[in-house]
Amino acid sequence: MVVSSALSLLSLPLLLYVFTNVCNSKNVSFEYLRLPLLHKTPFPSPSQLLSRDTHRLSVLHGRRAVKSPVVSGASTGSGQYFVDLHLGTPSQRFLLVADTGSDLVWVRCSACKNCTSHSSGSAFLARHSTTFSPYHCYDSACRLVPHPKPNPCNHTRLHSPCRYEYSYADGSTTSGFFSRETTTLNTSSGKAAKLRSMAFGCGFRKSGPSLSGPSFNGADGVMGLGRRPISFSSQLGRRFGNKFSYCLMDYTIAPPPTSYLMIGGSSKTPRMSFTPLQTNPLAPTFYYIGVEGVSVGGVKLPINPSVWSVDESGNGGTIVDSGTTLTFLPEPAYRLILAAFKRRVKIPSAAVPTPGFDLCVNVSDVSRPSLPRLSFRLVGNSVFSPPPRNYFIETAERVKCLAIQPVNSEKGFSVIGNLMQQGFLLEFDNDRSRLGFSRRGCAVP
Ligand SMILES: *[C@@H]1O[C@H](CO)[C@@H](O)[C@H](O)[C@H]1NC(C)=O
Ligand SMILES: *[C@@H]1O[C@H](CO)[C@@H](O)[C@H](O)[C@H]1NC(C)=O
Ligand SMILES: *[C@@H]1O[C@H](CO)[C@@H](O)[C@H](O)[C@H]1NC(C)=O
Ligand SMILES: *[C@@H]1O[C@H](CO)[C@@H](O)[C@H](O)[C@H]1NC(C)=O
Ligand SMILES: *[C@@H]1O[C@H](CO)[C@@H](O)[C@H](O)[C@H]1NC(C)=O
């Protein structure tokens, strides 16, 4: 089951916690990894729910697109990328983690009746909105979310809200009322569009390392962009077109540049490469891509292709996840990649390696460190070849470490995290079931 497989990534929050302390003790302003990132797991509900699309959204497909800025959370110590969401009438503004590895859109909520948004922190004040409405627990939309156990639902009562409890792979959970609300969006033509009845989680509780304390710095909730019907992209896709794109800009650039999450529309990006999106019925949330091979410094590594495949139990495979910072690869592949880097990197190793990383180099005496290039050969005859700064990160002053982690469990799966995606325009096209990527698309407005 994917639920347990995702738990194989559990070591990460611990690792990053240690890592943060290391950084703090040296006063290095390198805060972007402070967050034990969201390692999401799709909830195990029957896949037939996929077709039970009960939200009252327009099915009109226009040529317009929705456009929201995507900003790095580095300045608040987060390894996440955030997107704005304007919710309610009158609208209240929130910053949500943009997450292609989960489906639910949720915002921290307050039942506060007569208070300023200041006194409630940045929580959605449901009672201050004239358009807020929780789904009834007997409403068919309620079947799209996982419920707490026991789930108090009284069919005969007029007000028996749909309760949800949504879990991420590190055990973090959010719970509250699955609701609908009006959201205001900017379209690419510069007009505001209102989308009534967007389904979202009004979150009254959150717990776990990914969602609490400094680890969730700056975020008011999560914008799930996964493949199931409750995700933001699926809900908006019915109106604007079933695809979305984003470009995650390099977090080390200060001030962090803004890029956009685009939903719908057609991309005019030149020279885009494509790889088919693959599906795993046991984890319908995720955007899987097929990796065929890896090379380091132009040399193809002898990795058994079977390490990349999804098995009959739904384990394995490679997902593209904006909500995970580092990249995770199957242990056998990782070992060969690490060995290849160790052979080819001509820069001296750091005297003090950063805990949790297997390869750290000291670039003190190297003005323009040259590091070997990592390339992924993908199904569909395309090659994803990110620049070294996407997988060598500065963990201390003048120390760069290989930011790839092994997936040790047999039940694990590989994750192409958000660092690895930096500087590429990625287009998730659900209609054509393909992922497009281009290094030239980020500047396209
Ligand atoms: C580290 O930062 C803290 C607080 O910002 C400061 O009090 C301390 O003096 C700094 N230590 C060093 C070695 O710079
Ligand atoms: C808050 O409540 C007081 C009385 O209870 C009322 O006079 C005031 O208008 C309310 N403020 C808002 C913003 O609803
Ligand atoms: C459900 O609600 C009705 C009406 O409020 C009440 O009479 C009934 O006892 C409730 N049933 C349960 C199981 O709580
Ligand atoms: C739309 O864009 C304008 C200008 O960039 C911005 O001020 C406004 O907050 C945006 N509105 C929404 C709903 O995103
Ligand atoms: C890196 O190298 C410099 C000079 O060669 C040295 O002073 C420094 O301590 C080294 N740092 C680490 C972490 O290895």
Side-chain angles (χ1 to χ4, degrees), residues 12 14-34 54 74 77 79 111 113 126-127 132-165 175-180 202 204-205 251-252 254 296-297 325-327 334 337-372 374 387-406 419:
L12 186 69
L14 183 65
L15 163 80
L16 293 181
Y17 181 69
V18 171
F19 184 44
T20 304
N21 290 345
V22 169
C23 291
N24 286 348
S25 65
K26 291 192 175 160
N27 268 14
V28 176
S29 69
F30 169 65
E31 299 191 318
Y32 76 100
L33 268 182
R34 216 177 251 171
T54 52
K113 200 172 200 165
R127 286 182 158 142
F132 174 78
S133 153
Y135 284 109
H136 192 275
C137 63
Y138 206 54
D139 200 312
S140 53
C142 193
R143 284 180 235 161
L144 295 168
V145 286
H147 307 296
K149 290 187 185 78
N151 180 23
C153 178
N154 188 333
H155 304 171
T156 57
R157 261 177 48 202
L158 190 57
H159 298 290
S160 190
C162 172
R163 288 165 201 273
Y164 76 88
E165 186 173 286
S175 59
F177 296 162
F178 192 51
S179 313
R180 68 199 128 183
C202 181
F204 289 106
R205 282 209 188 90
Y251 66 93
T252 58
V296 171
T325 299
L326 303 184
T327 284
Y334 175 76
I337 291 167
L338 178 64
F341 271 112
K342 281 185 171 164
R343 269 199 310 276
R344 293 179 160 266
V345 170
K346 303 292 182 230
I347 302 164
S349 295
V352 190
T354 306
F357 293 91
D358 293 328
L359 174 61
C360 294
V361 294
N362 184 345
V363 294
S364 293
D365 300 331
V366 194
S367 55
R368 308 197 81 229
S370 145
L371 293 159
L374 175 69
R389 66 167 171 279
N390 285 21
Y391 42 87
F392 274 97
I393 56 169
E394 195 156 292
T395 58
E397 211 164 343
R398 308 304 292 162
V399 173
K400 286 182 188 287
C401 297
L402 180 65
I404 298 176
Q405 300 283 318
L419 276 174

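Quick note: numbers below take in every heavy atom, side chains included, and nothing from hydrogens, waters or symmetry partners. Predicted model only: the values in this text are computed from it and were never measured. Numbering of ligands and ligand atoms starts at 1, following listing order.
With rounding to the nearest 0.5 angstrom, the CZ atom of F392 is 11.5 Å from the CZ atom of F357. To the nearest 0.5 Å, atoms CG (L371) and CZ (R344) are separated by 12.5 Å. Between the CD1 atom in I404 and the CG atom in L374 there is a gap of 5.0 Å [rounded to 0.5 Å].
Using modelled atom types, no side-chain atom of H155 and backbone atom of C153 make a donor-acceptor pair closer than 3.5 Å.
Note: no N/O pair closer than 3.5 Å links S349 and ligand 5 by distance alone. Considering backbone and side-chain atoms together, A351 places an N or O closer than 3.5 Å to an N or O of ligand 5.
A disulfide is assigned to C162 and C142, since their SG atoms are nearer than 2.5 Å.
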Between ligand 3 and the protein, give all atom pairs where both partners are nitrogen or oxygen and the distance is under 3.5 Å, as lines of names plus distance to 0.1 Å.
{"unit_1": "ligand 3", "atom_1": "2 (O)", "unit_2": "N154", "atom_2": "OD1", "d": "3.3"}
{"unit_1": "ligand 3", "atom_1": "2 (O)", "unit_2": "N154", "atom_2": "ND2", "d": "2.4"}
{"unit_1": "ligand 3", "atom_1": "2 (O)", "unit_2": "T156", "atom_2": "OG1", "d": "3.4"}
{"unit_1": "ligand 3", "atom_1": "11 (N)", "unit_2": "N154", "atom_2": "ND2", "d": "2.8"}
{"unit_1": "ligand 3", "atom_1": "14 (O)", "unit_2": "N154", "atom_2": "ND2", "d": "3.3"}

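Of the residues listed (F204, Y164, F132), the one engaging F177 in a ring pair (Phe, Tyr, Trp, His ring centres under 6.0 Å) is F204, and it is the only one.
Considering every non-hydrogen atom in both N154 and C137, the closest pair reads N-SG, 3.8 Å.
Short contacts between ligand 5 and V399, defined as distances under 4.0 Å to a heavy atom of the residue, involve ligand atoms 13 (C).
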